[in-house]
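Start at 1 and go down the list; that is how both ligands and their atoms are numbered. Remember, predicted model here, so these are calculated numbers, not experimental data.
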Amino acid sequence: MVCHYGTDLKEMVETVERYTHHGKVADYIPALSKANPTDVGIAIFDGHDTCFSEGQHRKLFTLQSISKILTLALALMDHGEEVVFSKVGMEPTGDPFNSIAKLESHIPSKPLNPMINAGALAVSSLIKGSSNEEKLDRLLQFVRELSGNQSITYNAEVAKSEFDTADLNRSLSYFMKQHGVINGDVDVLLDFYTKQCAIEVDCEDLAKIGFALAHHGEHPDKNYSIIPFEIARLVKTFMVTCGMYNASGEFAIRVGIPAKSGVSGGIVGAVPGGIGIGLYGPALDDKGNSIAGMKLLELLSAKYHLSIF
Ligand code: GLN
């Protein structure tokens with residue numbers, strides 16, 4: 001099938017490349033600082049083939065916060081809404097993704113939503129499995145099924161680099177343990193969380209994951225749902241309200257596509273009933289979103305009327 005999205009993509013990537021100079025690669029996880037700040041890549045999946053990709057679309061990068069939508073889906077499939085939302089709320093925070101402030105000021109002290117680090121840590125603590133190895137294996141199988149790529153695994157160097165420096169995430173976890181939001185050993189949770197964040201994909205994998213979410217959890221090559229309809233709907237709604245951290249409001253206005261970003265510079269987009277989009281651009285803005293990726297989505301959305309609003 002010929003894809004009409006292809007025609008302008010090269011030009012759009014060239015247009016956004018200059019924005020990378022205004023951003024900065026994340027370095028609070030030391031291993032991420034090795035990324036090339038001028039890289040930009042995109043892939044679009046329309047359910048037939050990866051119909052168009054441009055730039056550094058085959059470069060591997062780690063999911064980081066993009067993993068939060070996948071663990072949320074898996075935890076909901078494991079336990080259902082009642083259990084999951086007894087541990088984490090549904091409201092945007094307006095604070096940075098790693099903020100601790102609202103954990104104390106918001107009573108009860110459960111995290112406000114699953115897209116901030118505190119909420120994602122609480123969700124990760126719910127993934128079923130008798131050991132971290134088993135939990136990670138289940139998560140990896142889930143990601144492989146959604147992307148159709150059996151070779152996906154995690155980057156041990158990035159996971160270790162984050163584990164060794166994750167004192168803020170440790171603080172969030174200890175605070176939540178004190179208040180009964182999570183149980184168990186904090187470092188065991190951090191071991192799982194840093195490995196989930198270090199799962200490595202390229203733009204094409206992300207575009208396929210986005211497509212599955214866009215189509216109620218269905219994979220184009222399979223005639224069954226990998227994610228139940230209601231859970232896919234719920235995940236996409238969180239992507240709209242909290243997916244770009246404290247830039248989600250402006251992003252909804254400028255782009256209007258359910259999306260989730262990560263500090264490695266990846267963004268996944270899911271146009272309901274339409275395409276899946278995978279982006280990579282490690283130069284970040286001051287809120288931790290890919291500066292070129294955001295701009296590219298803005299151009300795409302305007303050109304092809306992709307906003308859901
Ligand atoms: N692993 C990162 C962290 O916990 C994920 C954050 C992000 O991508 N915004 O800090």
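- Among Leu140, Leu139, Asp191, the one residue that satisfies the side-chain contact (heavy atoms from CB on, under 4.5 Å) test with Gln196 is Leu139.
- By the 4.5 Å side-chain criterion applied to Ile, Leu, Val, Met, Phe, Trp and Tyr, Val240 is assigned to a cluster that also includes Ile308, Phe309.
- Electrostatic pairing of Glu204 and Lys208 does not count as a salt bridge here, judged by no charged N lying under 4.0 Å from a carboxylate O.
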Please output the side-chain donor-acceptor pairs of residues 254-273 that fall under 3.5 Å, not counting sequence neighbours, one pair per line with the distance.
| residue | atom | partner | partner atom | Å |
| --- | --- | --- | --- | --- |
| Arg254 | NE | Glu250 | OE2 | 2.7 |
| Arg254 | NH2 | Glu250 | OE2 | 3.2 |
| Lys260 | NZ | Gly243 | O | 2.8 |
| Ser261 | OG | Asn289 | OD1 | 2.5 |
| Ser264 | OG | Thr62 | O | 2.5 |

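- Within the structure, every pair that satisfies the side-chain hydrogen bond (donor to acceptor under 3.5 Å, both in side chains) test and touches residues 68-88, not counting sequence neighbours, is listed here: Ser65-Lys68, Lys68-Asn117, Asp78-Arg138.
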Ligand 1: protein N/O within less than 3.5 Å of ligand N/O:
| residue | atom | partner | partner atom | Å |
| --- | --- | --- | --- | --- |
| ligand 1 | 1 (N) | Gln64 | OE1 | 2.6 |
| ligand 1 | 1 (N) | Glu162 | OE1 | 2.9 |
| ligand 1 | 1 (N) | Glu162 | OE2 | 2.7 |
| ligand 1 | 4 (O) | Asn117 | ND2 | 3.0 |
| ligand 1 | 4 (O) | Glu162 | OE2 | 3.1 |
| ligand 1 | 4 (O) | Asn169 | ND2 | 2.9 |
| ligand 1 | 4 (O) | Tyr193 | OH | 2.7 |
| ligand 1 | 8 (O) | Ser65 | N | 3.0 |
| ligand 1 | 8 (O) | Ser65 | OG | 2.8 |
| ligand 1 | 8 (O) | Tyr245 | OH | 3.4 |
| ligand 1 | 8 (O) | Val263 | N | 2.8 |
| ligand 1 | 9 (N) | Ser65 | OG | 2.8 |
| ligand 1 | 9 (N) | Tyr245 | OH | 2.6 |
| ligand 1 | 10 (O) | Tyr28 | OH | 2.5 |
| ligand 1 | 10 (O) | Asn117 | ND2 | 3.3 |

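- Residue Lys177 qualifies as enclosed at atom NZ: its count of foreign heavy atoms under 6.0 Å is above 12.
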